[in-house]
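We use all heavy atoms of the structure for the numbers below, so side chains are in, but hydrogens, waters and symmetry mates are not.
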Amino acid sequence: MQIAALSSSLHARIAGKDLIVFDGECVLCSRFFQFVLKRDKAERFHFATAQSDLGQALYGALGLPLDDFETNLVIMDGQIYQHLDAVCAAVRDFGPIWRCLALVRFGPEWLKTRAYSLVARNRYRLFGRYETCMVPDCALKDRFL
């Protein structure tokens with residue numbers, strides 16, 4: 001889906017930005033955020049938690065549940081990615097190894113969906129859950145929308 005399909009107010013909030021929206025209470029999702037943050041030397045990405053006003057607005061606009069965030073969202077170059085495609089889109093520019101792994105996005109949709117959903121449904125049990133949503137420190141505040 002393109003961000004152009006979103007409401008004009010939501011489109012205006014994210015236009016021209018590459019954005020990762022993640023579950024701030026999920027340990028696995030927060031580790032994904034930290035993984036990207038460490039490798040994003042150009043500071044391409046901005047971030048939002050799914051629990052934030054912006055995260056809630058995006059999940060709502062996409063018809064996704066507002067209380068069970070089984071997908072991260074990655075918005076790059078005006079395109080909205082979900083599930084395994086979101087992970088692949090985010091890591092594809094982090095060097096040759098990650099570019100190769102990102103080729104998974106070309107796999108069969110049924111397999112990608114099944115694998116991602118299996119992990120997503122069990123992420124709290126497998127990786128844990130924070131009691132509260134993460135809050136960015138002063139150094140990161142500018143990169144959170």
Do [X] and [Y] sit in the same hydrophobic cluster, where Ile, Leu, Val, Met, Phe, Trp and Tyr count as joined when their side-chain heavy atoms come under 4.5 Å apart?
| X | Y | value |
| --- | --- | --- |
| Val91 | Phe22 | yes |
| Ile20 | Phe33 | yes |
| Leu64 | Tyr116 | no |
| Val21 | Leu140 | no |
| Leu118 | Val104 | no |

Between Asp68 and Arg123, is the closest basic N to carboxylate O distance under 4.0 Å?
-> yes

More than 12 heavy atoms of other groups within 6.0 Å of Ile97 CD1 | no

Atom CG of Asp53 with >12 non-hydrogen neighbours under 6.0 angstrom = no

Atom of [X], atom of [Y] and distance for their closest heavy-atom approach:
| X | Y | value |
| --- | --- | --- |
| Tyr81 | Ala89 | CD1-CB, 3.7 Å |
| Met1 | Gln79 | N-NE2, 2.9 Å |
| Ala102 | Arg92 | CB-CB, 3.8 Å |
| Lys17 | Arg13 | NZ-O, 4.1 Å |
| Tyr59 | Asn72 | OH-CA, 3.9 Å |
| Ala48 | Ser52 | CB-OG, 3.9 Å |

Output the distance between atom [atom1] ([X]) and atom [atom2] ([Y]), rounded to the nearest 0.5 Å.
| X | Y | atom1 | atom2 | result |
| --- | --- | --- | --- | --- |
| Leu37 | Glu43 | CG | CD | 8.0 Å |
| His11 | Gln2 | NE2 | CD | 9.0 Å |
| Thr71 | Leu84 | OG1 | CG | 9.5 Å |
| Ile75 | Ile14 | CD1 | CD1 | 4.0 Å |
| Leu28 | Arg31 | CG | CZ | 7.5 Å |
| Asp40 | Arg143 | CG | CZ | 4.5 Å |

Begin with the C-alpha distance, continue with both residues' side-chain angles, and end with the deciding distance and a verdict on side chain to side chain contact (heavy atoms under 4.5 Å, CB included) for Leu6 and Leu58.
-> CA-CA 8 Å; Leu6 300 172; Leu58 284 166; 3.9 Å; yes

Is there a side-chain contact between [X] and [Y] in this structure, where contact means two heavy atoms from C-beta onward sitting under 4.5 Å apart?
| X | Y | answer |
| --- | --- | --- |
| Leu101 | Val87 | no |
| Met76 | Asp93 | yes |
| Ile3 | Leu10 | no |
| Asp23 | Tyr124 | yes |
| Gln82 | Leu73 | yes |
| Phe35 | Arg39 | yes |
| Cys29 | Phe69 | no |
| Phe45 | Val74 | yes |

Using the ring of each side chain (for Trp, its six-membered ring), is Phe144 parallel, tilted or perpendicular to Phe47, with breaks at 30° and 60°?
-> tilted

Answer yes if the side chains of Gln56 and Gln51 hold a donor-acceptor pair under 3.5 Å, and no otherwise.
-> no

Return the set of residues passing side chain to side chain donor-acceptor pair (under 3.5 Å) with Asp77 (not counting sequence neighbours), or none when no residue passes.
-> Arg44

Check the pair His83 / Thr113 against side chain to side chain contact (heavy atoms under 4.5 Å, CB included), numbers first and verdict last.
-> CA-CA 7 Å; His83 309 290; Thr113 300; 6.0 Å; no

